[in-house]
Amino acid sequence: MRKKGRDLLAAFRQTFLTLQNMTPQAEAEAELNAASARYSYNPILRWNPQVEDYFIKAYGSLHFAQISKALTRPSCYSCIRVNTLKSTSDAVIEKLQEIMRKSGPQNDVVGINWKENKASNDIDLDMVEKQSSLQNESITKCQIPGLEYVVFVKGSGPHEIDYGYLPDKPPKEVLVSRKCAEAVLRGAQVYVPGIMACSSHVEEGDLVAVSVAVEQPFPDGGWGLGITRGTVLQGLPTDPYHFERNGLYIGQGTTMLSRAGIFRASQGIAVDMNNRVFKLPSFYDVLEGEIFLQNLPSIIAAHALDPQKGERILDMCAAPGGKTTAIAILMNDEGEVIAADRSHNKVIDIQKLAAELGLTCITTYKLDALKAVRKRNGSSDTTTLCCNKDNNDVVNLRSDSGPLGNGVSSTTIVGSNADTTFKENVSNEKANERTYTSKADIRKNTRRMRNGPGRNQSLGGRVENSKGFLPNSFDRVLLDAPCSALGLRPRLFAGEETIESLRNHGKYQRRMFDQAVQLVRPGGVLVYSTCTINPGENEALVRYALDTYKFLSLAPQHPRIGGAGLVGRCEFPDGYVEEWLKPGEEELVQRFDPSSQLDTIGFFIAKFAVGPKDNI
């Protein structure tokens, strides 16, 4: 009877498979194909529906889909800016090649296609062909005139990874947060705080698949994870985010701790990533002071400003200091570069970077960009300049003014051309007081320990406050405005931005621009840039600037490798109309498209020439 029952069951199963036009072998193949699709990297970027409709109106459905896909992937290369005050591109390339030879061969490197935009920019065709001919090399020098100090190091990906899946035996797995995953895609390791869940019985030295938990919509309209840290993954459909993790596997690594150790520790590397979907070389602790890792559009933004030796230049929102130091190097460290930011800790980071690169013409201040202009009838204290001839005419700022609320000592340095008396409110009242470690500093140090050590051989210091600067007191101003950052990549989630929040970004940037335009002298230059694809923060800001300040005009940018801006307008369902560029203006701005063959982040640059301000 039992045998007959088994035979009937087998016959039924065979009949069912036949009805489904699928043999047992085909069924097994289908299961393996499903596993292959699951254990892959094919993310879909989720947007707020209204924001997605807005971007589709701006770019078109197909183009926006291409942008969204590109944003989920890192660039295929790393862009390095050489500190020409300490080294040369050729010397850096030789050193990097030696380092890469010692670390092993590079696999499946891919090239950078410069031909995509040759019809819409000022790059010489011969240069384009020469740059393209170098793509079989893993490290190349940029061939764009004026950017010979930029070096490209190619990476590779996406790679298919065999995670060792077997029917009824899924691989051991570690589930990480979205922000952790984005860092891993850029080349980082998996640190303890980034792990959300883990398979049971994971021991130190185990090979694990690394997947991502991306925010999901909540019934109340918000977004979140809704997962308890420390959850056990069984590899079953009942696991949290089991189906949502399909196509969200970013690589394979070796655990440095057991499961118990991972959720007991507070810091350190949890998974050593040795098989990545995207392979990009790491430059941690490599040639410190000689190179700086920076996105190509950010380097172009500093060039668009066209800083000259001896000028006084302001970087209004300077953190983390990449563009500030790029400007100083373009000036050959001769002149004065004021770097301002509202964050105390970020200002210190700028100081450390300037010291690491050996730059002396950079002065840092803690200053809110919305309060950058000092009123002419306001009180100001005269700052005395004390010259130290034994240190290449480096000038230390000292002040006898009273405290500014939380008085700090002056620590910043300016170069040999600082022959002007500054009128900044600076206090050194507490310079000799005993320092203490606050709870905020403890938390910050804990975060730094989790993320690994910072730069070596860098000088710290306290931060000067500023009450702003007098109108027309700068030759050039760079406003790299805080923005929605929707051009940064890799990005695995974009649902947090709404139409309202995007409009608020634009309002905030207009207020900062109102400050910046007052600080540039007539005949000077103002450069505005963002790292977002949002036209409301880019072209709409340019429209506002040109319509509000008649003495401003768009100026050509060199070099020009980005695409044209967006022309026209966008009408929203609520009746709001957003005006963009007018015909003829689109070629005077640079828009970097992450889906283009340049393979950069999303970025925008506008350069304004400042005319006479007689009418204001």
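Sequential numbering from 1 along the given sequence is applied to the chain's residues.
Contact check for E148 versus V82: no side-chain heavy atoms found under the 4.5 Å cut-off.
Salt-bridge annotation for E539 and R591: present, with a side-chain N of the basic residue lying under 4.0 Å from a carboxylate O of the acidic one. Salt bridge present: R560 and E587 bring a charged side-chain N and a carboxylate O closer than 4.0 Å. Ion pairing between a basic and an acidic side chain is recognised when a charged N comes within 4.0 Å of a carboxylate O; E288 and K352 show no such pairing.
With sequence neighbours excluded, the residues that form a side-chain contact (heavy atoms from CB on, under 4.5 Å) with E290 are S87, V92, K95, L287. Residues that satisfy the ring-ring contact (aromatic ring centres under 6.0 Å, His included) test with W47, not counting sequence neighbours, are F55, F64. Contacts of A372 classified as side-chain contact (heavy atoms from CB on, under 4.5 Å), with partners at least two apart in sequence or in another chain: M316, L367, Q515, L519. The salt bridge (Lys or Arg N to Asp or Glu O under 4.0 Å) check on E585 picks up R543, with sequence neighbours excluded. Not a single salt bridge (Lys or Arg N to Asp or Glu O under 4.0 Å) links E497 to another residue, sequence neighbours left out. Checked against side-chain contact (heavy atoms from CB on, under 4.5 Å), A181 has the following partners two or more places apart in sequence or in another chain: V176, V212, I250, L492. For F283, there are no ring-ring contact (aromatic ring centres under 6.0 Å, His included) partners, not counting sequence neighbours. With sequence neighbours excluded, the residues satisfying side-chain contact (heavy atoms from CB on, under 4.5 Å) with L588 are L554, P556.
Ring geometry for F572 against Y576 counts as tilted: the plane angle lies between 30° and 60°, on a 0 to 90° scale.
Within the structure, no pair that satisfies the ring-ring contact (aromatic ring centres under 6.0 Å, His included) test touches residues 320-342, not counting sequence neighbours. Contacts classified as ring-ring contact (aromatic ring centres under 6.0 Å, His included) and involving residues 312-331 (residues at least two apart or in different chains) are not found. Screening residues 473-485 for side-chain hydrogen bond (donor to acceptor under 3.5 Å, both in side chains), with sequence neighbours left out, gives E311-R476, K323-D480, D475-R521, D480-S529, S484-T532, S484-E537. Residue pairs meeting the ring-ring contact (aromatic ring centres under 6.0 Å, His included) criterion with at least one member in residues 491-530, sequence neighbours excluded, are W223-F493, F513-F608.
In this structure, D368 contributes its side chain and L370 its backbone to a donor-acceptor pair below 3.5 Å.
Under the side chain to side chain donor-acceptor pair (under 3.5 Å) rule, T325 has a single partner from Q294, E356, R81, which is R81.
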